S.K.: 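What follows is a structure written as structure tokens; I'll ask about it next.
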2 protein chains.
Amino acid sequence: MGSSLLEADRRNSGPDTPARTIDRILSAAARLFAARGMAGVGLREITAEAGVNLAAVNYYFGSKEKLLEALFLRRAQPITAERLRLLALCAEGPGRPPMLEQLLEAFLRPAFSLGLEAGVDGATFGRLRARLAVESEELYRRILAQAFNPSTRAFLEAIVRALPEVPRAEVEWRFHFMLGTMIYTIADSGRIQSITDGSFRSGDVEIALAKLVRFLGAGFRAAPLGD
Amino acid sequence: MGSSLLEADRRNSGPDTPARTIDRILSAAARLFAARGMAGVGLREITAEAGVNLAAVNYYFGSKEKLLEALFLRRAQPITAERLRLLALCAEGPGRPPMLEQLLEAFLRPAFSLGLEAGVDGATFGRLRARLAVESEELYRRILAQAFNPSTRAFLEAIVRALPEVPRAEVEWRFHFMLGTMIYTIADSGRIQSITDGSFRSGDVEIALAKLVRFLGAGFRAAPLGD
DNA sequence: GCCTCAATCAAACGATTGTTTTATACGGTC
DNA sequence: GACCGTATAAAACAATCGTTTGATTGAGGC
């Protein structure tokens, strides 16, 4: 399947320009990094699947680490852009959902639709995000912060404003909890299928989003602990 | 620090028996696997930090993969045992928290206290769990299922019974969301510190537990979507 | 004292790692 | 048509990988 996919890439996208070489590297690296981790795949496998020469990675990106960084920032950018676009559309009004739920959906939807559906493989970028989230080395934390901090901060502030009855510190905790469910869900670990013997399906983005917004909305609104 | 730790191990634990060699391998491997992933550390680094010969891993465990499996099952066992002990203690009664909150705390507390505090390094096992949760290869999923499925299923059933007004499928979704927050929190990704510029501290197990139970309790009780 | 077996050791196995180097091919500019 | 810089190619770099081998050790049974 890998080679037929590659041939399809070649057919659909014109001549072999340098930009195409870069795209093919990024695409193959995203798939493989997501599937087996950064340390788990070699440059030879990446370049072979991309159909380019081994030296192309160091030629265009400088190193394996820089490849990961370029790959991640490029894939994250559409998500944050769409998030901020949806955030600007959030507004109180008759017939609209409560502000909090609007914000939650605006924050989560791009991560789900652009991370789960787009690209050749569904959960590719979602799982890659989850991998970086678990990593403790400075490089990976810096990449994540660089890609997501600005837009994420904007949502945290908006949610704090939408919940005046909940102290800011409490909202921060709950925001952290939300990140956990989001990343775990887009990573599609399959754990719940294993626990429920497969009676559970999580593929439908709209259903997952609706259920997640309902769940998180209730959690955010819970009365704070009186400590 | 690594070497002084090693010397402390040696001082506190008597002669060098085979069991001590195994323990030192498991301890060093847990630290390094958690910090940099299974593919990210070599057996030479593990055995060096453990102060044992390189061949000891294959001698006692057979392979690197079997080492991970043995390591994970050994560390997971106290968590599931404590979970089931606390589950048996859950009971409705005057002056006690609602059943759901009792169940949530019984499920979460062992993962937090035995995963965050115990051992030489706090977040060691928590981060290792998170790594396995993100992995897509069959081996890792099998290890996770083997270690946690039985006790986790028992809690899912108990929560379904505690929430008769919520359909089972909805509880399964929310259980999945709970796993996400739990794993993300015990992995201590540091993302929320990064977003809030460090005004956030997550080290205190009791505080994190209380806030998480409050948050999840509200989420589990939310009225299901009427689709 | 000798034998035995588990335990540890150094050394080497072939394979693979990321990166660099050297060479070859190609397209546009003078 | 010679020249130039970009892009691709093949080959080699030293380093490290998981695993296996064969030798050496030392304590317990006879």
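So that the names make sense, note that chain A is the first sequence line, chain B the second, and so on, each numbered from 1. Not measured: the values here are computed from a predicted model.
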S.K.: Only one of A:F215, A:Y184, A:F177 forms a ring pair (Phe, Tyr, Trp, His ring centres under 6.0 Å) with B:F177, so which one is it?
M.R.: A:F215

S.K.: So which atom in B:A30 and which in B:T124 form the shortest heavy-atom distance, rounded to 0.1 Å?
M.R.: O-CG2, 3.5 Å

S.K.: For B:R83 and B:P110, indicate whether the former's side chain and the latter's backbone hold a donor-acceptor pair under 3.5 Å.
M.R.: no

S.K.: Name the nucleic acid region contacted by B:F61, choosing base, sugar-phosphate or nothing; use a 4.0 angstrom heavy-atom cut-off, strictly under.
M.R.: nothing

S.K.: Whole Å only: how far is the OH atom of B:Y59 from the P atom of D:dT24?
M.R.: 18 Å

S.K.: Can you check the B:R20 CZ to C:dA7 P distance for me, whole Å?
M.R.: 16 Å

S.K.: Mind checking whether A:F125 and A:F72 have ring centres under 6.0 Å apart?
M.R.: yes

S.K.: Could you tell me whether the phosphate oxygens of C:dT8, OP1 or OP2, come under 4.0 Å of any side-chain nitrogen or oxygen in B:T21?
M.R.: yes

S.K.: Ignoring the backbone of B:L54, work out which of C:dA11, C:dT17, C:dA7 is nearest its side chain.
M.R.: C:dA11

S.K.: Looking only at the side chain of B:K64 (C-beta and beyond, no hydrogens), which of the listed nucleotides D:dT19, D:dT20, D:dA12 gets closest?
M.R.: D:dT19

S.K.: Could you check how far CG of B:L43 sits from P of C:dA12, rounded to whole Å?
M.R.: 20 Å

S.K.: Taking CG from A:N58 and P from C:dT20, how many angstroms apart are they, rounded to a whole number?
M.R.: 6 Å

S.K.: Tell me: CG of A:L68 to P of C:dG18, nearest whole Å?
M.R.: 13 Å

S.K.: Ignoring backbone atoms, establish whether B:S63 has a side-chain N or O less than 4.0 Å from OP1 or OP2 of D:dG18.
M.R.: no

S.K.: Are B:F175 and B:F107 an aromatic pair, judged by ring center distance below 6.0 Å?
M.R.: yes

S.K.: Looking at every strand, decide which applies to A:A56 at a 4.0 Å heavy-atom threshold: base, sugar-phosphate, or nothing.
M.R.: nothing

S.K.: Between D:dG22 atom P and B:N53 atom CG, what is the distance in whole Å?
M.R.: 17 Å

S.K.: Which whole-number value in Å describes the distance from A:I22 CD1 to D:dT8 C1'?
M.R.: 13 Å

S.K.: Using whole Å, report how far CD of B:E45 lies from P of D:dG18.
M.R.: 10 Å

